[in-house]
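Worksheet: one structure, shown below.
Throughout, a chain's letter reflects where its sequence line sits, starting with A, and its residues are numbered from 1. Just the heavy atoms: all of them, side chains too, but no hydrogens, waters or symmetry mates, feed the values below.
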Number of protein chains: 2
Amino acid sequence: MELSVRKEKILGAVVESYIAYGEPIGSKALLSEMGLSVSSATVRNELADLVSKGYLIQPHTSAGRIPSQKGYRYYIDNLFKPQELSERVKAHIDREIFLAADAPEKILAKTAQVLSELSGMAAITTTPSGDDARVHKIRFVVTGRHTGMVVLITSNGMVKSRLFRCEFVLTPELIAMFDRALNESFVGLPLKEISQAYLQTTAAAFGELSLFMTDVLMAILDASKQAMQTTVSVSGATNLLFLPSYDLLSARNVLRFLSDSEKLSQFLNESSKDTKVYIGKESGRFELSDSSVIITRYEIGSRAAGAIALIGPLRADYKTLIPQLEYASKCASDLIGELLEV
Amino acid sequence: MELSVRKEKILGAVVESYIAYGEPIGSKALLSEMGLSVSSATVRNELADLVSKGYLIQPHTSAGRIPSQKGYRYYIDNLFKPQELSERVKAHIDREIFLAADAPEKILAKTAQVLSELSGMAAITTTPSGDDARVHKIRFVVTGRHTGMVVLITSNGMVKSRLFRCEFVLTPELIAMFDRALNESFVGLPLKEISQAYLQTTAAAFGELSLFMTDVLMAILDASKQAMQTTVSVSGATNLLFLPSYDLLSARNVLRFLSDSEKLSQFLNESSKDTKVYIGKESGRFELSDSSVIITRYEIGSRAAGAIALIGPLRADYKTLIPQLEYASKCASDLIGELLEV
DNA sequence: ATTAGCACTCACGCGCTTCGAGTGCTAAAC
DNA sequence: GTTTAGCACTCGAAGCGCGTGAGTGCTAAT
């Protein structure tokens with residue numbers, strides 16, 4: 001549905017004023033906000049019309065107007081202009097993320113932290129899923145007499161390490177044997193196929209050696225499970241408690257959702273490319289019906305990877321947040337791409 | 001200050017009833033809770049006395065009584081009896097923690113998760129500090145053409161790994177050289193002494209090789225920093241929002257405190273051995289003035305290590321929580337001790 | 001289509017009242 | 001001296017009425 005130019009101007013002004021001040025705005029106040037040279041009565045007529053069309057809400061008869069979810073949607077689709085990020089903010093994001101140039105999950109955790117601090121909302125990142133990855137190689141590090149570390153390197157560049165402990169003494173010869181035997185039988189294997197059952201049959205094939213293997217194999221199983229799972233990192237959930245838009249009840253809902261990484265990763269991974277904004281109920285999760293989600297997906301080496309998102313109140317400063325999110329996403333995916341050599 | 005037997009009985013009943021139901025309790029209701037055969041008037045006299053002595057509070061003149069912080073304190077010091085854990089709960093804790101038999105920080109994160117789920121409060125764990133640790137050995141794993149992983153093993157058994165990327169190709173020869181050179185110069189070195197400055201002088205000594213070293217050295221610096229820091233793991237902070245004792249305001253305070261890992265680790269590490277309970281202001285942190293903290297320290301191989309704590313409302317079920325905390329603490333420290341071979 | 005003018009609406013804050021749980025006190029009983 | 005019955009009292013919670021004012025909706029004129 002199309003709106004007249006004047007209606008758009010008024011709707012935009014209501015949305016931006018409400019985002020800025022958090023209070024319903026009336027016809028007179030609106031006039032001074034916009035450059036429009038009409039009377040307040042005209043504005044009132046337009047407002048009444050916007051209410052009847054569902055773009056605005058009046059909390060009660062004699063209050064000003066606030067945007068409805070439909071109003072926010074129209075604003076985001078047609079009216080808002082993303083704000084250029086200042087060089088200072090860009091440099092800050094660059095620097096912070098670059099300092100965490102470690103494994104992808106570390107980089108993404110840091111990205112979430114930076115974003116949540118900048119935005120004052122909650123930030124969430126997910127690591128690339130390794131569902132379709134294969135074993136690239138397996139390495140061992142002896143860490144003690146009876147303890148060692150398995151390092152699993154996957155075809156998509158992820159590195160997962162897992163400690164293990166065994167009853168016998170870990171000699172270099174033993175480790176070398178493990179290394180040979182396991183790489184022979186595992187390299188190229190899809191992670192999905194590494195299951196408890198598979199390991200048992202594999203172990204049997206090693207004959208005598210298999211007695212020494214069980215702890216190592218369990219560690220590999222666990223490492224491959226970890227490599228397949230997407231890790232979800234949430235930062236700044238507490239921020240939401242300090243936003244006036246949230247009362248105890250709605251904060252509960254959102255924070256509960258944020259602390260359930262199962263639900264969260266499912267939700268974040270169901271969206272497709274590009275930056276998207278879900279206003280309230282659009283997200284399809286009742287826990288988020290009073291919140292908005294800004295979500296973008298990043299790619300590593302032109303393959304879909306994970307998601308980065310901001311969750312906060314409907315009354316969010318989309319103008320600024322969207323560019324911040326996109327910039328941080330680019331930083332993080334570039335850095336990860338570099339580290340994974342793709 | 002000592003209380004008469006009857007006063008103790010009454011105080012105990014008020015505390016336990018308030019913990020159970022969360023509402024002020026009056027003289028009549030109290031009578032039916034206890035087996036005491038006196039009249040309500042007598043109880044009223046005793047209650048009045050307990051109020052004037054500061055053990056109880058009446059929210060207003062014509063309401064029942066609730067425990068004051070001093071009342072909780074007396075209850076914990078003299079009246080309460082820890083409840084035996086059921087075998088089911090013990091087995092549950094065992095199993096869950098045992099499944100996470102990986103690096104200490106993983107085990108502790110899992111411990112926090114289990115505790116928060118059992119208690120319905122927030123659980124926090126800290127890893128042992130590696131402040132006085134030394135380099136035990138350094139290992140390398142080649143993960144790609146240009147990327148590798150440094151594994152730092154410290155004298156106290158911690159294992160930290162860090163990825164790095166370098167411009168040149170990582171050949172096995174190069175890695176072997178790194179291994180030799182770095183272990184020669186770092187083994188036995190206190191982690192504290194590994195600083196940017198120290199590394200620069202060290203690097204200089206390697207002559208030509210030093211050009212290849214910078215990325216590796218930075219990775220080592222970062223790994224040693226990580227090994228020295230205690231990692232704080234918080235789980236179940238959101239639980240607090242669902243407890244009737246917390247309103248938005250006090251929840252804000254606690255959750256803000258919980259999301260500041262700096263403050264948190266400082267707070268948790270300042271307490272000494274044994275299980276301790278801080279009631280409200282006793283903790284000395286205004287953010288916790290409406291909360292109670294149950295904290296215990298664990299040891300690894302009879303050396304003080306980290307802390308495990310529960311944070312929740314004053315109105316907490318200390319009887320059950322304290323044994324849970326202590327049992328989980330024992331599980332976690334045993335398991336870590338085993339993995340670190342001490 | 002726009003505007004001036006005006007009656008109207010409704011949340012908010014304030015004070016009043018009623019209700020009832022639970023008290024504190026007193027005087028009598030043990 | 002301690003305990004108890006009895007009763008007046010206190011005070012928060014909930015409901016009601018009222019005045020205030022921001023901001024509206026409507027009408028009639030432009």
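A 4.5 Å side-chain heavy-atom check between B/Ile124 and B/Leu258 finds at least one atom pair inside the cut-off.
Distance B/His60 NE2 to D/dC9 P: 18 Å, rounded to the nearest Å. Computed from coordinates, the A/Glu46 CD to C/dA1 P distance equals 11 Å when rounded to whole Å. Remark: P of C/dA21 and CD1 of B/Ile25 are 15 Å apart, rounded to the nearest angstrom. Residue A/Leu47 contributes atom CG, which lies 10 Å from atom C1' of D/dT24 at whole-angstrom precision.
Contact annotation: B/Arg44 does not reach the phosphate of D/dT4 (side-chain N/O to OP1 or OP2, under 4.0 Å). Residue B/Ser39 has a polar side-chain atom (N or O) positioned under 4.0 Å from OP1 or OP2 of D/dT4. Look at B/Arg65 and you'll find a side-chain N or O under 4.0 angstrom from OP1 or OP2 of C/dG24. Remark: A/Thr61 is in phosphate contact with C/dC10, judged by side-chain N or O atoms under 4.0 Å from OP1 or OP2. OP1 or OP2 of C/dT23 lies within a sub-4.0 Å distance of a side-chain N or O belonging to B/Ser27.
For A/Tyr75 and A/Tyr55, the gap between ring centers reaches or exceeds 6.0 Å.
The environment of A/Glu270 atom CD is dense: over 12 non-hydrogen atoms of other residues, nucleotides or ligands sit within 6.0 angstrom.
Mapping B/Ser62 and B/Gln58 onto DNA chain C by nearest heavy atom places B/Ser62 at the nucleotide closer to the 5' end.
Under the 4.0 Å criterion applied to side-chain N and carboxylate O atoms, A/Asp260 and A/Arg256 are not assigned as salt-bridge partners.
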